[in-house]
Q: 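Got a structure for you, written out below as structure tokens; questions coming shortly.
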Number of protein chains: 2
Amino acid sequence: MEERKYRVLLCEDDTNLGMVLKNYLELNDYEVVLERDGRLGLAAFQREKFDICLLDVMMPNMDGFKLGEEIRDLDPDMPLFFLSAKTMKEDIIQGYKLGADDYITKPFDSEVLLLKIRAILKRNEEENRISENIQFDLGSYHFNPRLRELIHAGKTETLSPKENDLLKMLAENKNDLLPREKALKKIWGSDTYFNGRSMDVYIAKLRKYLKEDDTIEIVNIHGNGFRLVAP
Amino acid sequence: MEERKYRVLLCEDDTNLGMVLKNYLELNDYEVVLERDGRLGLAAFQREKFDICLLDVMMPNMDGFKLGEEIRDLDPDMPLFFLSAKTMKEDIIQGYKLGADDYITKPFDSEVLLLKIRAILKRNEEENRISENIQFDLGSYHFNPRLRELIHAGKTETLSPKENDLLKMLAENKNDLLPREKALKKIWGSDTYFNGRSMDVYIAKLRKYLKEDDTIEIVNIHGNGFRLVAP
DNA sequence: AACTTTATTGCAAATCATTAACATTATGGA
DNA sequence: TCCATAATGTTAATGATTTGCAATAAAGTT
């Protein structure tokens, strides 16, 4: 149960406000990446792993709503907060339509923002906790991610944390595509060349573990990701 | 059951309210430690023993929710009350209601507060009485945490307090993972390098006690914690 | 002081993640 | 079709981290 800081993607074109907010959040134990427009924000999101995104609505290159859409495409569950000076009703509605978790109008009380962020993250954590004890049957294998155990014919292998995480994601998407990018960001933290190679090494390891049952296969979908085929 | 005063940790940055509340509670036979921000509150909690915590939500350095989380990490069963101004949004509160034993909006009726405190403490006491006498059968061993006795084949070992606490936590999570961090925080107070080394030493001691029965094992899950395997 | 309990070191062994190195396969355009 | 290139497959080497446990020191009790 590793203590890790929550990671915040903050997109704000006003450098002053951006830095102030960044510092404030960092003081409160968040890890913050600040980007100054939508395009950069999207790039950061694709590259790294975040727990929550705070998006200014009015930004150069790509506005906050558009960025929010793009982010939702990549990860439907990512918590989104929109920051905006506008009080126009349409904007707010549009923001919520996208599934914004909150909409905050400037100027805002930074302490309230902090509490809202914390509330959302906490809710998300509760949801995760439910799925904590899930187990999988994969052909003649039994997989218990909590104990990192892969059992076959009475023999128990203890998987390494990375092996375990990867097999868990594959199992959660059994018979369906697990996109490379998604696994890399979730397990390795970011989608880089070396992390990609590392992941390939782990795929090879998992294939070795699972080779006793012919009905199970980890299939590569070139350029896209992997698929765990299992009954 | 010996007579002793209940100890209350009160965190409140408003000195006036803080002192008034402290005096009021003391009049009603509680022992109160008043701290004026989150950081000091956490320090006090780590230093001393309390029966209940009353935390103001809006505080400098560390807000009440964050402090509550930290306290819950150290002791998941500690009763928590949050005090907050009425103006706070209901949805923020909602996110936190789960972990809190009660949530009180200022201004509040101090008599009601007192009654709530009494109710919680009473409930907790009953729960403690139940769990106090718990005993465990571990293979051919019998373990009585209350007496710190580990009995095997008619022979009784008296465990040291730390040995006892650790075996109790392992037994409570029998056949399941006991995260390192959890045990360290609860038994040693904090998760530091040396405490970790110390815990490993205690694991070794427990293994020695338990080696008479082959069906019992304390298994390490690398990087995660330990698991007491027992029938 | 004698004894018990706890904390601290030290170091070997086990485990892990990453990177290198080299092999193979897929894919799209010439 | 064939080739260049990018993506993937696999094994092994490296270096970092975690754990096991004995030995010793420190603190606390009686």
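Since we're looking at a predicted model, the values are computed, not measured. Letters A, B, ... are given to chains in the order of the sequence lines, protein chains preceding strands, and every chain is numbered from 1.
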Q: Need one value for A:R197: base, sugar-phosphate or nothing, where a base atom within 4.0 Å counts as base even if backbone is also close, heavy atoms only.
A: base
Q: Is there a side-chain contact between B:V33 and B:E48 (heavy atoms, below 4.5 Å)?
A: yes
Q: Of B:D200 and A:G223, whose nearest nucleotide on DNA chain D comes first from the 5' end?
A: A:G223
Q: Pick base, sugar-phosphate or nothing for A:S160, based on heavy-atom distances below 4.0 Å to the nucleic acid.
A: sugar-phosphate
Q: Which part of the nucleic acid, if any, lies within reach of B:Y193 when heavy atoms closer than 4.0 Å are counted: base, sugar-phosphate only, or nothing?
A: nothing
Q: Which nucleotide in the list C:dT8, D:dG20, D:dA7 gets nearest to the side chain of A:H222?
A: D:dA7
Q: Out of C:dT6, D:dT11, C:dA21, which has the shortest distance to the side chain of B:K162?
A: C:dT6
Q: To the nearest Å, how far apart are B:N220 CG and C:dA14 P?
A: 13 Å
Q: Measure CD1/A:I221 against P/C:dT27 and give the value in whole Å, please.
A: 11 Å
Q: Let's see if you can work this out: which of C:dA7, C:dT18, D:dT11 has an atom nearest to the side-chain heavy atoms of A:A204?
A: D:dT11
Q: Below 4.0 angstrom, N of the basic side chain to O of the carboxylate: do B:R227 and A:E149 qualify?
A: yes
Q: Assuming nearest nucleotide by heavy-atom distance, tell me which of A:L159 and B:R148 is located more 5' along DNA chain C.
A: B:R148
Q: A:D191 CG to D:dT8 C1': how many Å, rounded?
A: 15 Å
Q: Measuring from the side chain of A:R207 (C-beta onward, heavy atoms only), which nucleotide among D:dG20, C:dT19, D:dG9 has the closest atom?
A: D:dG9
Q: For the pair made of NZ in A:K205 and P in D:dA12, what is the distance, rounded to whole Å?
A: 12 Å
Q: Rounded to the nearest Å, what distance is computed from the OH atom of residue A:Y209 to the P atom of nucleotide D:dG9?
A: 18 Å
Q: Remember a base hit wins even if backbone is also touched, and classify A:K208 as base, sugar-phosphate or nothing at under 4.0 Å, heavy atoms.
A: sugar-phosphate
Q: Between C:dT19, C:dC16, D:dT8, which nucleotide has the shortest distance from any of its atoms to the side chain of A:F194?
A: C:dT19
Q: Would you call the rings of B:F65 and B:F82 parallel, tilted or perpendicular if under 30° counts as parallel and over 60° as perpendicular?
A: perpendicular
Q: Regarding A:K185 and A:D75, does a basic nitrogen lie under 4.0 Å from an acidic carboxylate oxygen?
A: no
Q: Between A:R180 and A:D200, does any side-chain N to carboxylate O distance fall below 4.0 Å?
A: yes
Q: Between atom CG in B:N195 and atom C1' in D:dT18, what is the gap in whole Å?
A: 16 Å
Q: Could you check how far CD of A:E163 sits from P of C:dC16, rounded to whole Å?
A: 7 Å
Q: Can you tell me how far C1' of D:dC21 sits from CG of B:L206, to the nearest Å?
A: 13 Å
